[in-house]
Amino acid sequence: MNPHLEVLAPGAMTTVQDLGRFGAQALGVPVSGALERDALLLANALVGNEAGMACLEIRLFGPTLRVKADSVRVALTGTETAIELLGQDSRTVAAGQSATLKRGQEFRVSALRDTATAYLAVACGFDLPEFLGSKSTY
C-alpha cells in the first residue's frame, strides 16, 4: 500500500488518536484516545469514515503534508482554523468541511487560534498497527 500523505513538517504535539483502548486499565494501561471525542467523530463523518477511526490530533499548530496518492479526502474539526492549501492551488478549506486533494498538493494546519486541539481526518484512515484494540498514541 502506498502512503497517502507525506509529512513535510510534524507540527507541535501532533499525535494519532481514536476513541481509545478499554479493558486494560487494571494492567496500568490508560484509555488514551481523543481529548475532544465529538470533534473526532465529526471529522470522520465528514470524510466518510467509520465513527471511531484514528485521526491526527493537532495541538497548538499542525503539520504540513503532501498528498502522495492520486487523491485523498480530508477534513479538519474542533477549530475555526482552516486547512491551507499551498503553492499554485493556494486557497483554504474551512474547518468543518471536507475537500478532496490531488497528488502533489501540499497543505498545512497553521496555529489554532480558538482552541488547543483539533482533528484532521483522512478518508480510509491511517494504516497503523493497533495495540490492545486502539491506534491511539500514549
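We number each residue from 1, following the sequence as shown.
For the pair Thr92/Leu85, no side-chain contact is recorded, criterion being any heavy-atom separation below 4.5 Å from C-beta on.
Atom CG of Leu86 is separated from atom CG of Leu8 by 9.0 Å, given to the nearest 0.5 angstrom. Between the CD1 atom of Ile83 and the CZ atom of Phe107 there is a distance of 6.0 Å, given to the nearest 0.5 Å. Annotation: the span from Leu112 atom CG to Ile58 atom CD1 amounts to 6.5 Å, rounded to 0.5 Å.
Counting Ile, Leu, Val, Met, Phe, Trp and Tyr side chains that sit under 4.5 Å apart, directly or through other members, Leu19 shares a hydrophobic cluster with Leu35, Leu40, Leu41, Tyr119. Cluster note: Leu60 groups with Met13, Phe61 through ILVMFWY side-chain heavy atoms spaced under 4.5 Å, whether in direct contact or through intervening members.
Not counting sequence neighbours, the partners of Asp70 by the salt bridge (Lys or Arg N to Asp or Glu O under 4.0 Å) test are Arg103. Looking at residues two or more places apart in sequence or on another chain, you find a side chain to side chain donor-acceptor pair (under 3.5 Å) between Asp18 and Ser134, Ser136. Judged as a side-chain contact (heavy atoms from CB on, under 4.5 Å), and not counting sequence neighbours, the contacts of Val16 are Ala54, Leu56, Leu128, Lys135, Thr137. Partners of Phe131 according to the side-chain contact (heavy atoms from CB on, under 4.5 Å) rule, which considers only residues two or more places apart in sequence or in another chain, are Arg21. Scored by the salt bridge (Lys or Arg N to Asp or Glu O under 4.0 Å) test, Arg66 finds Glu6, Glu106 as partners (sequence neighbours excluded). For Glu36, there are no side chain to side chain donor-acceptor pair (under 3.5 Å) partners, not counting sequence neighbours. Listed by chain and number, the residues in a side chain to side chain donor-acceptor pair (under 3.5 Å) with Arg37 amount to none (sequence neighbours excluded).
Summarising the local packing, CD of Glu80 is surrounded by 12 or fewer heavy atoms from other residues, nucleotides or ligands at distances under 6.0 Å. Dense packing is recorded around CZ of Phe22, with more than 12 heavy atoms of other residues, nucleotides or ligands lying under 6.0 Å away.
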Listed pairs under 3.5 Å, donor-acceptor, residues 71-78 side chains, sequence neighbours left out:
unit_1 : atom_1 : unit_2 : atom_2 : d
Arg73  : NE     : Leu46  : O      : 3.4
Arg73  : NE     : Ser98  : OG     : 3.1
Arg73  : NH2    : Leu46  : O      : 2.7
Arg73  : NH2    : Ser98  : OG     : 3.1
Thr77  : OG1    : Ala39  : O      : 2.6

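Without hydrogens or angle criteria, Thr14 side chain to Pro10 main chain gives a donor-acceptor distance under 3.5 Å. The closest donor-acceptor contact from the side chain of Gln97 to the backbone of Ala95 lies at 3.5 Å or more, if one exists at all. Using modelled atom types, no side-chain atom of Asn44 and backbone atom of Asn49 make a donor-acceptor pair closer than 3.5 Å.
Residues Val93 and Leu120 are members of one and the same hydrophobic cluster, defined by side-chain heavy-atom contacts under 4.5 angstrom among Ile, Leu, Val, Met, Phe, Trp and Tyr. There is a path of hydrophobic side-chain contacts, each under 4.5 Å, that joins Phe126 to Val67.
Listed by first then second residue, pairs satisfying salt bridge (charged side-chain N to carboxylate O under 4.0 Å, His left out) with a partner in residues 39-62 number zero, not counting sequence neighbours. Sorted by first then second residue, the salt bridge (charged side-chain N to carboxylate O under 4.0 Å, His left out) pairs that include residues 108-120, not counting sequence neighbours, are Glu84-Arg108.
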